[in-house]
Amino acid sequence: MPPATQPHAADRFDDDDYPAYTMGRAAEMIGATPGFLRAIGEARLIAPLRSDGGHRRYSRYQLRIAARARELVDGGTPIDAACRIVILEDQLEEALRVNEELRRPTAAPGGLADS
């Protein structure tokens with residue numbers, strides 16, 4: 001890619017899906033242990049990417065998901081149930097977003113909105 005079109009490394013850190021954080025840093029950021037991150041990975045709540053050396057790397061989006069699971073676990077919810085709750089919350093949020101998009105009027109030819 002020519003230098004003018006390559007994204008700056010700093011731009012990737014603004015991307016919620018960029019796997020910028022190591023397991024240790026991710027655990028520290030959400031106030032958990034690396035073992036907790038491994039457990040929610042095994043429960044398939046999140047699937048961290050792997051570096052060339054095989055180390056887990058987490059994105060900000062994954063850390064938000066992990067933090068929500070940690071809140072539930074800290075409140076006494078078993079980890080498997082917490083993961084299922086977070087998955088269902090995420091699915092509900094997406095369904096509500098799609099529903100809202102489908103309810104918006106679309107522009108008809110001639111500039112008038114459908115009723």
Side-chain angles (χ1 to χ4, degrees):
M1 204 182 283
T5 60
Q6 286 182 335
H8 289 96
D11 293 340
R12 288 182 272 187
F13 290 106
D14 292 334
D15 181 353
D16 266 0
D17 295 317
Y18 181 70
Y21 304 99
T22 63
M23 177 180 276
R25 180 68 180 126
E28 179 183 310
M29 289 173 71
I30 65 167
T33 64
F36 176 80
L37 290 174
R38 279 190 292 277
I40 63 174
E42 289 169 9
R44 301 189 189 278
L45 178 60
I46 58 175
L49 293 177
R50 298 284 182 148
S51 69
D52 290 339
H55 300 283
R56 291 173 179 89
R57 304 287 292 195
Y58 297 88
S59 68
R60 287 191 297 189
Y61 173 75
Q62 289 172 325
L63 293 183
R64 283 195 300 274
I65 297 289
R68 175 64 181 132
R70 184 181 163 267
E71 288 174 14
L72 292 167
V73 169
D74 287 352
T77 305
I79 197 161
D80 289 339
C83 290
R84 184 69 181 139
I85 290 167
V86 172
I87 289 167
L88 290 170
E89 287 174 342
D90 194 48
Q91 288 173 343
L92 175 60
E93 184 179 320
E94 177 65 10
L96 291 171
R97 185 191 63 75
V98 168
N99 190 23
E100 181 61 31
E101 282 181 17
L102 293 173
R103 289 176 181 255
R104 287 189 194 129
T106 57
L112 299 174
D114 291 339
S115 46

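The distance from atom CZ of R64 to atom CG of D90, rounded to the nearest 0.5 Å, is 10.5 Å. Distance check, rounded to the nearest 0.5 Å: CD1 of I30 to CD of Q62 gives 11.0 Å. Interatomic distance, CD1 of I87 versus CD1 of I46, reported as 11.0 Å (0.5 Å rounding). Atom CZ of R68 and atom CG of L63 lie 16.0 Å apart (nearest 0.5 Å). Atom OH of Y58 is separated from atom CG of L37 by 4.5 Å, given to the nearest 0.5 angstrom. Distance check, rounded to the nearest 0.5 Å: CZ of R56 to OG1 of T22 gives 12.0 Å.
When each of V86, L88, D80 is tested with R84 by the rule side chain to side chain contact (heavy atoms under 4.5 Å, CB included), just one qualifies, namely L88. Here the options are L92, L96, V98, the test is side chain to side chain contact (heavy atoms under 4.5 Å, CB included), and the partner is E94; only V98 passes.
Identified under the side chain to side chain donor-acceptor pair (under 3.5 Å) test for residues 35-54, with sequence neighbours left out: none.
When side chains are defined from C-beta on, R57 does not count as touching Y18, because their heavy atoms never get closer than 4.5 Å. Side-chain contact between L45 and I79: absent, with no pair of heavy atoms (C-beta onward) separated by less than 4.5 Å.
More than 12 non-hydrogen atoms from other residues, nucleotides or ligands lie less than 6.0 angstrom from CD of Q91.
Between R97 and E100 no salt bridge is recorded (no basic side-chain N to carboxylate O distance below 4.0 Å).
Scanning all heavy atoms of the two residues, the minimum distance from A32 to R70 falls at CB-CD, 3.8 Å. Heavy-atom minimum distance, R60 versus Y21: CG-CE1, 3.5 Å. Shown here for A69 and A82, the closest heavy-atom pair between the two residues is O-CB, 4.0 Å.
Side-chain heavy-atom separations under 4.5 angstrom define the hydrophobic clusters, and L49 shares its cluster with no other residue.
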